[in-house]
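For ligands, and for the atoms within them, numbers begin at 1 and follow the listed sequence. Atoms considered below: every heavy atom in the structure, side chains included; atoms not considered: hydrogens, waters and symmetry mates.
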Amino acid sequence: MKHWKKLSAGEQDRRITEALEANIDFEKNLCLGIPASRLDSKVFYEGASFLKDAPLLRSYVQNPNHIGCHTMGDSEPFFAGTQALEREVISILSEDLLKASLDSCDGYVAGGGTEANIQAAWMYRNLFMHEHDARHDQIALISSADTHYSVAKAANLLHLRWLRVPVNEDSREIQAEALRELVQQAQQEGIRYFIVFANMATTMFGSVDNPELICQVFAEFDVPFRMHVDGAFGGFIYPVSCPENKLDFRNPCVSSVTLDAHKMLQAPYGTGVFLVRKGLMQHVYTEEAQYVNGMDITLSGSRSGANAIAVWMILMTYGPFGYLEKINKLLYRTSWCCEQLDTLGIRYYRHPRMNIITLNARQLNTELAKKFGLVPDTHHGDANWYKIVVMDHVELDQLEAFIQAIRIQTVPAKIKL
Ligand SMILES: *Cc1c(COP(=O)(O)O)cnc(C)c1O
């Protein structure tokens, strides 16, 4: 680990206090021009005694704006102190978690996984347009059928086609033959450039795409492509549970990654993370953003610096080993539940390094699924699948109660597997 280490609460407080002091102080400094200030002091009283021991709340009250991307070029000098903490988050995640080499990545804390995915698609679309004079109708997004719907939003916004590769019903894996057929057909229809989204765990199944298979197929066709990894769900689990994975920055095919700290890391909402190899972000440079100091190169404009600090605090509180233990606890509970399902003869999908169990809806009484708060694959019509996501609050006691309920449930005989 180059950057990631455990820090005591006191040490974190000291670092955050220093960072906040290095930002502009609207009381003491002359600052007539920027449309920013601390939070309204009538409502959020800065002198409240509980703020003394709460560096994150103090950050919210001071309200730093982290507009732009702080790993490249200039940035707004008013918030330089806390921007440095965001840079540290980006280094930890790209280099320690995802094994990029030193200073080889840019990144920023985005509104969420959706924004980070759209940022990626936008960047590669422009790259193909800048470098190959490509037209919109020659560029396609391509990903497995289990991919998150944010890719549909990206395709819609960016005027790109979205090609969905069928997956095997049981293994949830992309089928090489199906991928070849789809690429071939798309080429016949005029597609020349591909933006590939590979899943580092899908939302519904926790299944993980095999990037080697995808790279191999594109190499066979010898067509230009760029690969983005969607780790919005799995990005804070899979690299930890499977250190030898093929979806991090050690793989030269991977150009960028989405993470979502507000899912598995239990950070406040507004903490997606976009990570990208250096040399690519400039494809989304907005020249018109003249009044912003530095390059406005992100999909969101103004964004809260407190969000980056929240992620920094979680990472520093656990440290790499504390976090490994936390993830292993979740995986242990998941495996325990799977063993119980096995003894009951209930079928399910589970990636062995992930914390999602997806049950075939035919084996479950709908009332039971509702009672235990399982999430269906669709809210329109009959569900095909129900998932359990073993988060921090999903404990063995609750899983045991669920297993007991399955044991005595009544499923109509004709649809019993
Ligand atoms: C949740 C999720 C997203 C979208 O993330 P938001 O933070 O809700 O915008 C994208 N991809 C995957 C795989 C996800 O699980």
Report yes or no: is the cationic atom of R172 (NZ for Lys, CZ for Arg) closer than 6.0 Å to the six-membered ring centre of F205, at no more than 45° off its axis?
yes
Go ahead and list the nitrogen or oxygen contacts between ligand 1 and the protein that come in under 3.5 Å, distances to 0.1 Å, or just say none.
residue	atom	partner	partner atom	Å
ligand 1	5 (O)	G113	N	3.4
ligand 1	5 (O)	D260	OD2	3.0
ligand 1	7 (O)	G113	N	2.9
ligand 1	7 (O)	D260	OD1	3.3
ligand 1	7 (O)	D260	OD2	2.6
ligand 1	7 (O)	H262	NE2	2.7
ligand 1	9 (O)	G113	N	3.3
ligand 1	9 (O)	T114	N	2.8
ligand 1	9 (O)	T114	OG1	2.5
ligand 1	11 (N)	D230	OD1	3.3
ligand 1	11 (N)	D230	OD2	2.7
ligand 1	15 (O)	T203	OG1	2.9
ligand 1	15 (O)	K263	NZ	2.7

Whether Q175 side chain and E173 backbone form a donor-acceptor pair below 3.5 Å:
yes
Nearest heavy-atom pair of A261 and V311: which atoms, and what distance?
CB-CG2, 3.8 Å
When the aromatic ring centroids of W385 and Y349 are compared, is their separation below 6.0 Å?
no
Would you say the rings of F197 and H148 are close, in the sense that their centroids are separated by under 6.0 Å?
no
Where V284 and I297 come nearest, the two heavy atoms and their spacing:
CG2-O, 3.4 Å
